[in-house]
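A quick write-up on the structure given underneath.
Keep in mind that the numbers below use all heavy atoms, side chains included, and drop hydrogens, waters and symmetry copies.
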Amino acid sequence: MKTLVCVEPGIFEYREADAPLAHPGQAIIKIRRIGICGTDLHAFEGTQPFFEYPRILGHELAGDLVDFDQAPGFQPGEAVTIIPYFNCGKCIACRSGKPNCCTTIKVCGVHVDGGMVEYLAVPSSSLVHGNNLSYDQLALIEPLAIGAHAVRRAAIQPGEFVLVIGAGPIGLGTMESARIAGGEVIAMDINETRLKFCREKLHLLHTVNAADNALQQIHHITRGDMPTVVIDATGSRKAINDAFQYMAHGARYVLVGLQKGTIEFSHPEFHKREGTLMSSRNATREDFGTVMQAMEKGLIDPTTYITHRVTFDALKTRFPGFLDPANGVIKAMVEL
């Protein structure tokens, strides 16, 4: 089968490999869709934490179930996606119902080779039924589930202002989940095209350009209160550090985005707010189910995020262009 390997930052190579066979407890998927994620882009440019090369990228996946072992209820040929966070099931996190932050987690396409292949072997326990959703929809469940998990962590209450920083796919999904939870969502980005997308496709009333006196804009929108929930989905160190100033007194600040450096903020300013700072890592099967139900009810249509399509054969050539803001990429989808 054909695979696409990220040999080192900035370099992809197509390589031939043996198609996998199903070992005990494993399933084989014929890949049909690969969503290009920020993790893939960061890995290609060499800025992704917890990453080693060479690596086959890709974890936003949809495909057909070819063969499997220990997957009761599944049928050969059915469309599936996966929960791409392979956990041990034994550590303190797993025993506490938090397999998404397992101490020895292996994320598909990050810690182990991922889905930029024609056939992929995965743990049967990671399979998710397609429920008659399209390949495009199935490949977009995972990034939406990350947003749903962050919103669940934030415990958003109806009517409170929720500032989501970063209008990429993860941020957009977070905004959608925050809206469904009843939050009054404020979208922030430095890209005016993405903010326009938020207004026109997500129908958000409040958008803020971070480069245009953001603090004053947010103060005005919230009538001086400031947001009681702030969620970062940028992975930018500067954006993360700057966002502490946007917190209301008593606010929760959730970090979805990830960067390699330290976080710096004023302890007195944070302390006087009695702020809560938390991270949100990956997602759980519960979050996947929440997103799928929202799709089935028509509450979310993530296919509107897809701005670029590419065949697997052309991906090596086209991929570097996805990093260029001038190309207006929100979500690129690979078709096999």
How far does [atom1] of [X] sit from [atom2] of [Y], to the nearest 0.5 angstrom?
{"X": "His42", "Y": "Leu323", "atom1": "NE2", "atom2": "CG", "answer": "8.0 Å"}
{"X": "Leu258", "Y": "Thr234", "atom1": "CG", "atom2": "OG1", "answer": "10.5 Å"}
{"X": "Ile141", "Y": "Thr290", "atom1": "CD1", "atom2": "OG1", "answer": "11.5 Å"}
{"X": "Ile263", "Y": "Ser279", "atom1": "CD1", "atom2": "OG", "answer": "9.0 Å"}
{"X": "Leu163", "Y": "Thr222", "atom1": "CG", "atom2": "OG1", "answer": "9.5 Å"}
{"X": "Asp242", "Y": "Ile165", "atom1": "CG", "atom2": "CD1", "answer": "8.5 Å"}

Side-chain heavy atoms of [X] within contact of [Y], under 4.5 Å:
{"X": "Gln259", "Y": "Ser236", "answer": "no"}
{"X": "Leu127", "Y": "Ile29", "answer": "yes"}
{"X": "Met295", "Y": "Leu133", "answer": "yes"}
{"X": "Val162", "Y": "Val151", "answer": "no"}
{"X": "Asp69", "Y": "Gln26", "answer": "no"}
{"X": "Lys2", "Y": "Val117", "answer": "no"}
{"X": "Val128", "Y": "Val80", "answer": "no"}
{"X": "Phe161", "Y": "Arg223", "answer": "yes"}

Within the side chain of [X], is there an N or O that forms a donor-acceptor pair under 3.5 Å with the backbone of [Y]?
{"X": "Arg55", "Y": "His111", "answer": "yes"}
{"X": "Ser280", "Y": "Val256", "answer": "no"}
{"X": "Asp113", "Y": "Ile56", "answer": "yes"}
{"X": "Asp40", "Y": "Cys37", "answer": "yes"}
{"X": "Gln157", "Y": "Ala155", "answer": "yes"}
{"X": "Asp189", "Y": "Ala167", "answer": "yes"}
{"X": "His308", "Y": "Asn327", "answer": "yes"}
{"X": "His220", "Y": "Gln216", "answer": "no"}
{"X": "Glu45", "Y": "Thr47", "answer": "no"}
{"X": "Thr307", "Y": "Ile330", "answer": "yes"}

*asked:* Students often mix this up, so state it plainly: with edges at 30° and 60°, are the rings of Phe265 and Phe244 parallel, tilted or perpendicular?
replied: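 Answer is parallel, since the angle falls under 30°.
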*asked:* Let's go through Leu41 and Phe322 carefully: what are the C-alpha distance in whole Å and the side-chain angles of both, what is the deciding distance for side-chain contact (heavy atoms from CB on, under 4.5 Å) to 0.1 Å, and is it a yes or a no?
replied: CA-CA 8 Å; Leu41 298 172; Phe322 299 152; 3.9 Å; yes
*Should the heavy atoms of other residues, nucleotides or ligands under 6.0 Å from CD1 of Ile28 be counted, would the total exceed 12?*
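Counting neighbours around CD1 of Ile28, more than 12 heavy atoms of other residues, nucleotides or ligands fall under 6.0 Å, so yes.
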*How would you list all residue pairs meeting side-chain hydrogen bond (donor to acceptor under 3.5 Å, both in side chains) that involve residues 165-175, not counting sequence neighbours?*
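Listed once each, the pairs would be none.
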*Which pairs with one or both residues in residues 244-255 pass side-chain hydrogen bond (donor to acceptor under 3.5 Å, both in side chains), sequence neighbours excluded?*
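Qualifying pairs: Glu160-Arg252.
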Measure across [X] and [Y] and return the closest heavy-atom pair with its distance rounded to 0.1 Å.
{"X": "Ser126", "Y": "Arg285", "result": "C-NH2, 4.0 Å"}
{"X": "Pro302", "Y": "Leu140", "result": "O-CD1, 3.4 Å"}
{"X": "Gly115", "Y": "Leu120", "result": "CA-CD2, 4.1 Å"}
{"X": "Val208", "Y": "Ile221", "result": "CG2-CD1, 3.7 Å"}
{"X": "Met292", "Y": "Gly130", "result": "CE-O, 4.1 Å"}
{"X": "Val229", "Y": "Ala154", "result": "CG1-CB, 3.8 Å"}

_Under the side chain to side chain donor-acceptor pair (under 3.5 Å) test, residues paired with Lys297 that sit two or more places apart_ =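 In terms of side chain to side chain donor-acceptor pair (under 3.5 Å), with neighbours along the sequence ignored, Lys297 is linked to no residue.
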Same apolar cluster (I L V M F W Y, side chains within < 4.5 Å links), [X]/[Y]:
{"X": "Met175", "Y": "Ile156", "result": "yes"}
{"X": "Val254", "Y": "Leu277", "result": "no"}
{"X": "Met116", "Y": "Val110", "result": "yes"}
{"X": "Val230", "Y": "Ile186", "result": "yes"}
{"X": "Ile218", "Y": "Ile231", "result": "no"}

*After noting the C-alpha distance and the side-chain angles of Leu215 and Met226, does the key distance pass the side-chain contact (heavy atoms from CB on, under 4.5 Å) rule?*
CA-CA 9 Å; Leu215 185 63; Met226 303 304 286; 3.6 Å; yes
*Salt bridge present between Lys272 and Glu269 (N-O < 4.0 angstrom)*: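 Result for this pair is yes, salt bridge flagged.
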*Under 4.0 Å between a Lys/Arg side-chain N and an Asp/Glu carboxylate O for Arg33 and Glu60?*
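Result for this pair is no, no salt bridge flagged.
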*Any ring pair (Phe, Tyr, Trp, His ring centres under 6.0 Å) involving residues 115-148? Give me the pairs, sequence neighbours left out, ordered by first then second residue.*
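Every ring pair (Phe, Tyr, Trp, His ring centres under 6.0 Å) pair that includes a residue of residues 115-148, provided the two are not neighbours, is Phe74-His129.
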_With side-chain contact (heavy atoms from CB on, under 4.5 Å) as the criterion, how do His59 and Thr39 come out once you've worked through the C-alpha distance, each side chain's angles and the decisive distance to 0.1 Å?_
CA-CA 9 Å; His59 64 271; Thr39 299; 3.9 Å; yes
*Ignoring hydrogens and angles, state whether a donor on the side chain of Arg152 or Thr284 is under 3.5 Å from an acceptor on the partner side chain.*
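Indeed, the side chains of Arg152 and Thr284 share at least one donor-acceptor pair under 3.5 Å.
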Could you list the donor-acceptor pairs under 3.5 angstrom formed by side chains in residues 5-22, with sequence neighbours left out?
| from | atom 1 | to | atom 2 | distance (Å) |
| --- | --- | --- | --- | --- |
| Glu13 | OE1 | Arg15 | NE | 3.2 |
| Glu13 | OE1 | Arg15 | NH2 | 3.2 |
| Tyr14 | OH | Phe312 | O | 2.5 |
| Tyr14 | OH | Asp313 | O | 2.9 |
| Tyr14 | OH | Leu315 | N | 3.4 |
| Tyr14 | OH | Lys316 | N | 3.3 |

Please tabulate, for side-chain N and O atoms in residues 197-206, each donor-acceptor pair with protein atoms closer than 3.5 Å (sequence neighbours left out).
| from | atom 1 | to | atom 2 | distance (Å) |
| --- | --- | --- | --- | --- |
| Arg199 | NH1 | Thr207 | OG1 | 2.8 |
| Arg199 | NH2 | Glu192 | OE2 | 3.2 |
| His206 | NE2 | Glu184 | OE2 | 3.2 |

*Output, in order, the C-alpha distance, side-chain angles, deciding distance and verdict of side-chain contact (heavy atoms from CB on, under 4.5 Å) for Glu296 and Asn131.*
CA-CA 9 Å; Glu296 291 163 2; Asn131 289 3; 3.4 Å; yes
*Going by the salt bridge (charged side-chain N to carboxylate O under 4.0 Å, His left out) test, name the single residue among Arg309, Arg32, Lys331 that passes it with Asp136.*
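Exactly one pass, corresponding to Arg309.
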